[in-house]
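Atom set for the values below is all heavy atoms of this structure, side chains included, hydrogens, waters and symmetry mates excluded. Every chain is numbered from 1, with letters handed out A, B, ... down the list of sequences.
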2 protein chains.
Amino acid sequence: MNERGPRVPDGYDPGAFEPFAVTVDLAVFTVRQGALHVLLVERGEEPYAGWWALPGGFVRPRESAEEAARRELAEETGLDADAITALHFEQLRTYSEPDRDPRMRVVSVAFAALLPALPEPLGGGDAARAAHVPYGTVHDLAFDHGRILSDAHRRIGAKLEYSCLATSFCPPEFTLGELQGVYETVWGTALDRPNFRRKVLATPGFVEQVDGPPRRSGGRGKPAARYRAGPANALHPPLLRPEGRPE
Amino acid sequence: MNERGPRVPDGYDPGAFEPFAVTVDLAVFTVRQGALHVLLVERGEEPYAGWWALPGGFVRPRESAEEAARRELAEETGLDADAITALHFEQLRTYSEPDRDPRMRVVSVAFAALLPALPEPLGGGDAARAAHVPYGTVHDLAFDHGRILSDAHRRIGAKLEYSCLATSFCPPEFTLGELQGVYETVWGTALDRPNFRRKVLATPGFVEQVDGPPRRSGGRGKPAARYRAGPANALHPPLLRPEGRPE
DNA sequence: GCAAAAGTGTTACAAGTACACCCATGG
DNA sequence: CCATGGGTGTACTTGTAACACTTTTGC
């Protein structure tokens with residue numbers, strides 16, 4: 001039967017169907033010290049007590065999944081609302097297998113978010129235990145979160161190829177070396193610097209040079225010019241990874 | 001608060017939160033007579049009685065959204081289970097704005113499906129009124145289905161660029177002219193035939209030539225060689241549309 | 001001076017674009 | 001014999017890959 005068609009006129013009685021819980025799960029990525037990190041929280045109760053899990057929570061009655069995702073991220077990281085609205089947020093897909101949560105029927109909308117490597121304000125939120133963990137070091141996540149996380153990683157990697165997404169991993173001003181580092185850590189491959197440079201600068205609106213003194217990127221080496229993200233959000237032609245396979 | 005964390009120990013009482021209805025909505029595309037068509041159903045009841053809408057329905061207590069989508073499509077088209085499992089099915093995204101359905105809180109997981117232009121078995125299903133409508137001719141759809149449909153169209157168009165998806169629009173055996181027609185009708189642009197041909201044949205596993213007599217594609221012209229879909233599902237390098245902008 | 005990082009140049013090759021042209025069939 | 005769609009060849013342009021080389025800093 002099709003409850004939205006004319007054949008089930010009582011299909012809209014809120015008590016006529018089994019209730020679903022709707023949650024959001026967040027895959028929050030950061031590039032720190034040349035390694036890709038993910039924000040994880042430690043569960044305090046059964047099931048999976050003591051396990052690492054993706055941050056997330058219930059969608060409230062009067063908010064959309066996107067709003068819930070932003071709210072949860074704010075609570076988990078302690079970032080203020082302005083910072084949250086600025087960063088890249090993207091719906092991944094929805095996980096709805098009947099037994100993905102042993103307690104009840106939970107349908108979860110997964111999101112990916114990209115953070116620049118800010119001074120770590122964790123603990124400012126109300127999360128019991130939360131940490132940016134290097135991607136790939138925690139293999140057993142609660143529920144189906146391991147699958148969600150690997151789906152998110154694959155998606156982010158693919159999007160770097162044809163979008164300007166990489167700047168979302170960077171602070172407001174960055175060097176081309178840092179930008180290249182984002183690609184290299186997410187993809188796990190080395191890139192040719194001269195070619196990367198040309199490619200980025202040849203794409204109009206990807207990055208804009210910032211006037212002013214060049215920036216020191218730590219210790220040795222020639223000071224690099226500073227750039228900020230440009231208005232473009234698509235890359236044409238795409239910046240394909242060496243042996244890349246999309247999707 | 002975060003009901004999946006340790007701070008809300010009663011967060012799992014099924015009655016403790018407002019119930020959500022979870023539905024699936026389907027954007028079912030076909031290429032017929034050189035035009036892109038979408039499967040729409042006419043609503044029989046309020047709200048939006050008499051309006052065209054995407055087919056869809058509630059997710060049942062023991063099925064995933066993917067299973068619900070396949071079941072609904074079978075009911076709507078009358079196709080048998082084998083045909084349904086064979087065709088391309090893809091989760092698009094989830095629409096969760098609180099007021100997208102005026103009656104109650106409905107979270108809908110949207111799917112896109114691609115059908116080859118089969119002999120139309122519509123009415124074999126139990127849909128009141130369903131039809132393959134040329135894409136773009138119906139502008140006012142019920143609920144937020146207009147938005148879902150345009151999102152689906154954009155996604156399908158983008159996926160043609162880097163996946164072997166186009167063969168899903170074709171019958172088991174097809175000509176390169178028909179395959180090119182799929183690209184041209186979905187993208188709305190003309191393609192150079194010699195280049196298209198070379199590109200497709202140069203991608204290993206995209207199509208495989210079928211031995212046997214060449215096929216007449218209607219009336220005039222040289223008979224074309226027949227092909228079937230190959231084992232590949234990604235296109236490397238991608239087949240970019242003339243002035244394509246992804247996403 | 002040496003290592004490290006930024007930045008420039010060059011060359012060889014692969015891929016995409018835009019055509020002109022021939023082939024087989026139906027009317 | 002001509003319109004129509006299938007199929008081949010080719011020159012031109014663009015993009016990519018690889019790598020040599022110079023510049024500017026810290027130590």
Side-chain angles (χ1 to χ4, degrees), chain A residues 33-34 160-162 170 173-185 187 189-204 206-227 234-244 246, chain B residues 33-34 160-162 170 173-185 187 189-204 206-207 209-227 234-246:
Chain A
Q33 292 111 27
L160 286 189
E161 291 190 321
Y162 58 90
C170 297
E173 296 195 349
F174 51 87
T175 69
L176 293 186
E178 291 167 352
L179 188 64
Q180 183 177 347
V182 168
Y183 278 89
E184 293 181 330
T185 59
W187 287 348
T189 57
L191 298 175
D192 182 82
R193 186 161 38 76
N195 294 336
F196 178 83
R197 179 185 188 75
R198 263 187 294 268
K199 189 84 176 138
V200 169
L201 295 178
T203 304
F206 190 2
V207 296
E208 298 171 344
Q209 190 160 2
V210 177
D211 301 326
R215 187 168 85 171
R216 300 262 13 94
S217 44
R220 283 166 293 287
K222 181 175 174 177
R226 293 178 300 162
Y227 293 85
L235 243 51
H236 272 275
L239 181 46
L240 298 171
R241 64 187 122 181
E243 292 300 298
Chain B
Q33 293 110 26
L160 287 189
E161 291 190 321
Y162 59 90
C170 296
E173 295 195 350
F174 51 87
T175 68
L176 293 186
E178 291 167 351
L179 188 63
Q180 183 176 347
V182 167
Y183 278 88
E184 293 181 329
T185 58
W187 287 348
T189 57
L191 298 176
D192 182 81
R193 186 160 39 75
N195 294 336
F196 178 83
R197 177 184 190 75
R198 263 188 293 266
K199 189 85 176 137
V200 169
L201 296 179
T203 304
F206 190 2
V207 296
Q209 190 159 3
V210 177
D211 301 326
R215 188 169 84 172
R216 298 265 10 97
S217 45
R220 284 166 292 288
K222 180 175 174 176
R226 294 177 301 161
Y227 293 85
L235 243 51
H236 272 274
L239 180 45
L240 299 171
R241 65 188 122 181
E243 292 300 298
R245 295 276 170 277

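Computed from coordinates, the L179(B) CG to dG6(D) C1' distance equals 14 Å when rounded to whole Å. R241(A) places its CZ atom 16 Å from the P atom of dT16(D), with the value rounded to the nearest Å. In this structure, L176(A) places its CG atom 20 Å from P of dT23(D), rounding to the nearest Å. Between F196(A) atom CZ and dT8(C) atom C1' there is a gap of 17 Å when expressed in whole angstrom units. Between L191(A) atom CG and dT16(D) atom P the separation is 13 Å, expressed in whole Å. Atom-to-atom, CD of E161(A) to P of dT16(D) comes out at 12 Å; the value is rounded to the nearest Å. Following rounding to the nearest Å, L240(B) (CG) and dT17(C) (P) show an atom-to-atom distance of 8 Å. Atom pair K222(A):NZ and dA5(C):C1' shows a separation of 9 Å (rounding to whole Å applied).
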Dump the pairs, protein N or O against N or O of nucleotides 12-15 of chain D, anything under 3.5 Å, distances to one decimal.
none

Return the polar atom pairs (N/O with N/O) between nucleotides 18-22 of chain C and the protein under 3.5 Å, or none.
| residue | atom | partner | partner atom | Å |
| --- | --- | --- | --- | --- |
| dA18(C) | N7 | N195(B) | ND2 | 2.8 |
| dA18(C) | N6 | N195(B) | OD1 | 3.1 |
| dA18(C) | N6 | R198(B) | NH2 | 3.1 |

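Atom CZ of R226(A) is separated from atom CD of E178(A) by 11.5 Å, given to the nearest 0.5 angstrom.
Checking dA4(C), dT4(D), dT23(D) against every side-chain atom of R220(B), the shortest atom distance belongs to dT4(D).
Between P242(B) and T189(B), the shortest heavy-atom distance links the atoms CD-OG1, 3.9 Å. Residues L240(B) and P238(A) approach most closely at CD1-CD, 4.4 Å, considering heavy atoms.
Under the side chain to side chain donor-acceptor pair (under 3.5 Å) criterion, R198(A) pairs with N195(A), not counting sequence neighbours. Applying the side-chain contact (heavy atoms from CB on, under 4.5 Å) test to T203(B) and every residue at least two apart in sequence or in another chain returns F206(B), L235(B). For Y183(A), the ring-ring contact (aromatic ring centres under 6.0 Å, His included) partners two or more places apart in sequence, or in a different chain, are W187(A), F196(A). The salt bridge (Lys or Arg N to Asp or Glu O under 4.0 Å) check on E184(A) picks up nothing, with sequence neighbours excluded. Listed by chain and number, the residues in a side chain to side chain donor-acceptor pair (under 3.5 Å) with Q209(B) amount to none (sequence neighbours excluded). Take R197(A) and apply the side chain to side chain donor-acceptor pair (under 3.5 Å) test, not counting sequence neighbours, and it matches no residue.
Between R197(A) and the phosphate of dA6(C), there is no side-chain N or O to OP1/OP2 separation shorter than 4.0 Å.
Contacts of A202(A) with the nucleic acid, taken as non-hydrogen atoms under 4.0 Å apart, are absent.
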